Amino acid sequence: MVNFPGTFRQTISTNLLTLTRFRELLKKIKQARPDEDLELLRRAYRFSAQSHISQTRASGEPYLAHPLEVAIILADMRMDVATIATALLHDVVEDTSVTLQDIRDSFGEEIALLVEGLTKVNRLDIASREERQADNLRKMFLAMVNDLRVIFIKLADRLHNMRTLQYVSPEKQQRIARETLEIYGPLAHRMGMSKVRAELEDLAFSYLDPIDFEKIVKEIEAKRRSGEVFLKEIAGLLAARLKETNIPARVEWRIKRPYSIFLKMKRQNTEINEVYDLLALRIVTDSVNNCYAALGVVHTIWSPVPGRFKDYIAMARPNLYQSLHTTVVGSNGQHFEVQIRTEDMHRTAEEGIAAHWKYKEGGAYSAADERSISWLRHLVEWQQELSEPAEFLTSLKINLYPEEVYAFSPKGKVVVLPRDSTTVDFAYAIHTEVGNTCVGAKVNGKLVPLRCRLRSGDIVEIVTQKGSHPSRDWLNFVVSSRARNKVRHWIKASERSTSMDLGRKILEKECRRLQLSWKSISDAQLVKAANDLGCPSKEDLFSDVGFGKHDAKQVLSKLFPGSITDEKPEKSSLAQSVQKALGLSRESAVQVKGFNDLLIYRAKCCEPILGDKIVGYITRGKGVAVHATNCPNVQNLQYEEERRIEVEWAAAADDTYPIDLILHTADRPGLLKEITAAISDKTNIRNIETKIAENGNATIDLSLDIQDKKHLDRLIFAMRKINGVRSVERSFKD
Ligand code: MN
């Protein structure tokens, strides 16, 4: 055990105020949990005081004030002594020379693990602040799944930091407030801890948007003054009627808090006067039966607004919140909300998972706790498939946003999804395989497109087809992080297998060309060559070759040392073998600046020809796609700047490019002959197909071999001049 008797005395003499607060802390714990071991707390307090002795906060107070206030917040939440002791020690490892081992030696494994979960990782290899933030959150969430106390302490820590945010720099205020609003507020909400959430969000709001904050606070004040009389009156009326009906209850009223009003106004694009639940009455009674009985009483006094009744008792929210909500019309025509709940539900509504939480040895949770943190478990499971910290952050933010859609399977199973979820999200929520093979969906009996957004109450039937698989396009509309991650995962796996096949084919072809025997190479040789080139396995080597990271010749020179001469590789023949391996029989004369032997092909969406301005795009698993600069896909892909590479045409006079044209014409005899004549005998025509429509118009599909852009422009010009030809356009496969 570490003890510092001499300096401890010095600490108390300079920090009498802190000591007074510590005594208050002890008193609170004695009241809430009389059997707890207070000696542990005294030790933790001394340890923390000593460790932070030379530090002060931005406010000028001794640093110790911070861990102490965090501990007091947790004591008010009636947390156990281990949690409160950890709160006192939570910044020691991060901010002082004390190590985790010191904590373990002095306070044991349980507290050491908690402190570790709260200590930020200092990874020097991570440069950006966003990545570091994501990495730390990831670590905290992992610790949290094993012990929820990590998050209780973290929330209390953040709460105190938010309460004292006025002392730090404006930049830091913005950063901390934003993180609070994006992560910790929603997190508290997911845990059902609405009191903590409310304070965190309102404080963050006041820093991030002081103008709107001030405005709303002023309006609330005005509403409070005019509404108070009204609410007191109806609360009195309601209390009297409940008493007559023998329903034991207390009636309270509340005004919605600033940030929540702000969100609602923004979401519904309305004024504060139109926020229905700005004013609410709350009935707290003793039993579930009396909740429904009280609802009956409410509806006999005032008429309910149709469609505004919500039964969160029968269907609790995922964060354990339970209540009946109804909106009614008062005698003066004013709308107000009534919330009805039991005492127990009330406590859960305010404190959420912390209300009934008890630490059990080995980290086991009660069934209710387990339900409310299942999203967290899933998040942590899914994040193992996410390699990028930034992806984790996105995934986390999506998971923390609370608006949900409740949809049903045909058998009545409830599926809870984030707002704006689609049928694909639903399919993945049912089962990964259902998601991977879904091809269509019926919502309430009607066939809908996969991207169809679901609404609460929808009955969703997913149509699957064996052998079908996810499309990259789904990433444009799926909402749940589960679906997003599963689709990404599938694409990555399939790209890797494409690259592997391709890489192997390229190596085989190159062997044949150099008259070497591919079959004579042993597995051990392949693994060694792979390792020499920095690949952990031969599969990685194949996929690197397929992706264009390693060139085939370089690999073969490892496998057949001495057999490969320094002669320059014949670029065109490798390019050809690549094209064949890719199943792209069309010849390409694209040369990639600065790279040799990368896989190159013309993008099917714009099929550029010599003379077009071009740009290369590295596509995972396929090599380099060459697009025309004005291709709409290029415009859309521009955010992925790092995948663009410069390309230029290799001038080769005898090359031609297959292109397709579509002509809209009148149906007139001799027209086709004139068109072919205009094309002239120097141009190869691969195919002509004419379709005649009933209205006397015709469409002609034409496939030609073209030398370059000038050649094509000349032909198009000649065809447009023909009488009866209305338009001549290029057409593309997709
Ligand atoms: Mn702290």
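One-based numbering, in listed order, for ligands and for the atoms of each. Everything numeric in this text was worked out from a predicted model, so none of it was measured. Hydrogens, waters and symmetry mates play no part in the numbers below; they use all other heavy atoms, side chains included.
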With rounding to 10 degrees, His90 NE2, the Mn ion (ligand 1) and Asp157 OD1 define an angle of 90°

| Under the salt bridge (charged side-chain N to carboxylate O under 4.0 Å, His left out) criterion, do Glu252 and Arg250 qualify, and how do the steps go? | CA-CA 7 Å; Glu252 308 171 334; Arg250 59 192 162 89; 2.3 Å; yes

> Is there a donor in the side chain of Tyr63 and an acceptor in the side chain of Asp91, or the other way round, less than 3.5 Å apart?
Replying inline: yes

message = Check for me whether the distance between the ring centres of Phe213 and Tyr207 falls short of 6.0 Å.
response = no

The Mn ion (ligand 1) has as its nearest N, O or S atom from Asp91 the atom OD2

Which atom of His66 is nearest the Mn ion (ligand 1), counting N, O or S only? It is NE2

query = Would you say His160 reaches the Mn ion (ligand 1) with an N/O/S atom under 2.8 Å?
reply = no

- Would you call Arg347-Asp344 a salt bridge at under 4.0 Å N-O? no

